[in-house]
Visitor: 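My structure is below; once you've seen it, I'll send some questions.
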Amino acid sequence: MPQSLSRVLVHLVFSTHQRVPNLTEDVQVQLFPYLGGILRNLNSPAILVGGHDDHIHILFGLSRTLSIAQTVEKVKTASSGWIKEQFPLRKSFSWQAGYASVSVDSWDYDGVVDYILSQKEHHKKVSFMDEYRQMLELSGVEYDERYMWD
């Protein structure tokens, strides 16, 4: 019987609405595994979830049956509801409307993992907005800054 097989690695980045620093360490320690669980249930296994107080980085294998947009929508919807439920002081929590996703080549896999793991140190020097712009530019993604931030 024929099989449909794929291995598409995606580096996904999105922030909290207006980059509000809602993702404190107590939230991150519960949220990161929760995001991994959402992706596992979508057959898009998370390889690594990380981030900082105002944004998320996820390296995952894209399901062969869902688009990136469908995956992101499901991840953001489920996790924002979960945050509001688990952390009552964050009842108005939301994610930014947009996101950035780039494909990850096998040869760059270790570099992306190291990058996600070093977020705390990285953001002592670089803001999320500058990081986001740099990621898009290095990946050759065209963007219009007027529509990137909410």
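These values consider heavy atoms only, across backbone and side chains, with no hydrogens, waters or symmetry-generated copies.
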Visitor: For Gln119 and His52, indicate whether the former's side chain and the latter's backbone hold a donor-acceptor pair under 3.5 Å.
Guide: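 Looks like no, no N/O pair under 3.5 Å.
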Visitor: Leu136 and Ala100: which non-hydrogen atoms are nearest, and at how many Å?
Guide: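 Nearest heavy atoms, Leu136 then Ala100: CD2-CB, 3.8 Å.
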Visitor: Report the C-alpha distance between Thr65 and Asn43 in whole Å, list the side-chain angles of each, state the deciding distance to 0.1 Å, and finish with yes or no for side chain to side chain contact (heavy atoms under 4.5 Å, CB included).
Guide: CA-CA 9 Å; Thr65 60; Asn43 294 315; 5.6 Å; no
Visitor: Is Ile47 reachable from Phe14 through a run of hydrophobic residues whose side-chain heavy atoms are each under 4.5 Å from the next?
Guide: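 Phe14 and Ile47: separate clusters.
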Visitor: Are Trp95 and Val72 connected in a single hydrophobic cluster, I mean Ile/Leu/Val/Met/Phe/Trp/Tyr linked by side-chain heavy atoms less than 4.5 Å apart?
Guide: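 Yes, same cluster.
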Visitor: Would you kindly confirm whether Val112 and Leu117 end up in one hydrophobic cluster when ILVMFWY residues are joined by side chain heavy atoms under 4.5 Å apart?
Guide: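 Same cluster.
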Visitor: Should the heavy atoms of other residues, nucleotides or ligands under 6.0 Å from CD of Gln134 be counted, would the total exceed 12?
Guide: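 No, the 6.0 Å shell around CD holds no more than 12 heavy atoms from other groups.
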Visitor: Answer yes or no on whether Lys76 is positioned over the face of Tyr99, meaning its NZ or CZ is under 6.0 Å from the six-membered ring centre and within 45° of the axis.
Guide: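 No, cation not above the ring by the 6.0 Å, 45° rule.
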Visitor: Minimum heavy-atom separation for Phe128 and Asp54, please, with both atom names.
Guide: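 That would be CB-OD2, 3.7 Å.
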Visitor: Could you check whether the rings of Trp149 and Tyr132 sit parallel, tilted or perpendicular, using 30° and 60° as the cut-offs?
Guide: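 Judged by the thresholds at 30° and 60°, the geometry between Trp149 and Tyr132 is tilted.
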Visitor: So how far is it from Leu89 CG to Ile83 CD1, rounded to the nearest 0.5 Å?
Guide: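 The CD1 atom of Ile83 is 13.0 Å from CG of Leu89, to the nearest 0.5 Å.
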Visitor: Does any donor atom in the side chain of Glu121 or Ser118 lie under 3.5 Å from an acceptor atom in the other side chain?
Guide: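 Short answer, no.
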Visitor: Any cation-pi pair here, Arg90 with Phe87, using under 6.0 Å and within 45°?
Guide: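 Here Arg90 passes the 6.0 Å and 45° test against Phe87.
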Visitor: Can you measure from OG (Ser44) to CZ (Phe60) and round to the nearest 0.5 angstrom?
Guide: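 Those atoms lie 5.5 Å apart.
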Visitor: Side chain of Gln28, backbone of Leu23: donor and acceptor closer than 3.5 Å?
Guide: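 A pair under 3.5 Å: yes.
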Visitor: To the nearest 0.5 Å, tell me how far His17 NE2 sits from Asn22 CG.
Guide: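 Reported value, rounded in 0.5 Å steps: 11.0 Å.
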Visitor: Please assess His11 against Tyr115 for the test side chain to side chain contact (heavy atoms under 4.5 Å, CB included), listing each intermediate value before the final yes or no.
Guide: CA-CA 11 Å; His11 181 185; Tyr115 181 75; 4.1 Å; yes
Visitor: Work out which heavy atom in Val102 is nearest to a heavy atom in Ser139; give both atom names and the distance.
Guide: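 Closest approach of Val102 to Ser139: CG1-OG, 3.3 Å.
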Visitor: When you measure from the side chain of Arg64 to the backbone N and O of Ser4, does any donor-acceptor pair fall under 3.5 Å?
Guide: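 Answer holds: yes.
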Visitor: Verify the neighbour count for atom NZ of Lys125: are there more than 12 heavy atoms of other residues, nucleotides or ligands below 6.0 Å?
Guide: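 Result for NZ/Lys125: open.
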Visitor: Do you reckon Val49 sits in the same ILVMFWY cluster as Val75, going by side-chain contacts under 4.5 Å, direct or chained?
Guide: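 Both belong to a single hydrophobic cluster.
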Visitor: Using the side-chain contact (heavy atoms from CB on, under 4.5 Å) definition, which of the options Leu39, Ile68, Leu9, Leu42 pairs with Leu62?
Guide: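 Filter result, single survivor: Ile68.
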Visitor: Just by modelled atom types, is the Leu12 backbone N or O under 3.5 Å from a matching donor or acceptor in the Ser101 side chain?
Guide: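 Side chain of Ser101 to backbone of Leu12, a donor-acceptor pair under 3.5 Å: no, none is there.
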Visitor: Give, for atom NZ of Lys74 and atom OG of Ser79, the distance between the pair rounded to the nearest 0.5 Å.
Guide: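 Spacing of NZ (Lys74) from OG (Ser79) equals 13.0 Å.
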Visitor: Report yes or no: does Asp144 contribute a side-chain atom to a donor-acceptor pair with the main-chain N or O of Arg146 at less than 3.5 Å?
Guide: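 Checked: pair present.
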Visitor: Should Phe32 and Val27 be counted in the same cluster of Ile, Leu, Val, Met, Phe, Trp and Tyr side chains packed under 4.5 Å apart?
Guide: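 Yes, Phe32 connects to Val27 through the hydrophobic network.
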Visitor: For Thr77, does its backbone N or O pair with a side-chain atom of Ser80 as donor and acceptor, under 3.5 Å?
Guide: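 Such a contact is found between Ser80 side chain and Thr77 backbone.
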Visitor: Restricting to non-hydrogen atoms, name the atom on Ile56 and the atom on Ile58 that form the minimum distance, rounded to 0.1 Å.
Guide: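 That closest heavy-atom pairing would be CG2-CG1, 3.4 Å.
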Visitor: Taking the side chain as every heavy atom from C-beta outward, state whether Met148 and Arg133 have any pair of such atoms under 4.5 Å apart.
Guide: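 Yes, their side chains come closer than 4.5 Å.
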Visitor: Look at atom CD of Glu145 and say whether more than 12 heavy atoms of other residues, nucleotides or ligands are closer to it than 6.0 Å.
Guide: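 Count over threshold, so yes.
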Visitor: If I take atom CG from residue Asp53 and atom OG from residue Ser15, how far apart are they, to the nearest 0.5 angstrom?
Guide: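 Answer for the CG-OG pair, Asp53 versus Ser15, is 11.0 Å.
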Visitor: More than 12 foreign heavy atoms under 6.0 Å from CD of Gln30: is that the case here?
Guide: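 Buried by this count: over 12 neighbours within 6.0 Å.
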Visitor: From Trp82 CH2 over to Ile38 CD1, what is the distance, rounded to the nearest 0.5 angstrom?
Guide: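 Going from the CH2 atom of Trp82 to the CD1 atom of Ile38 covers 9.0 Å.
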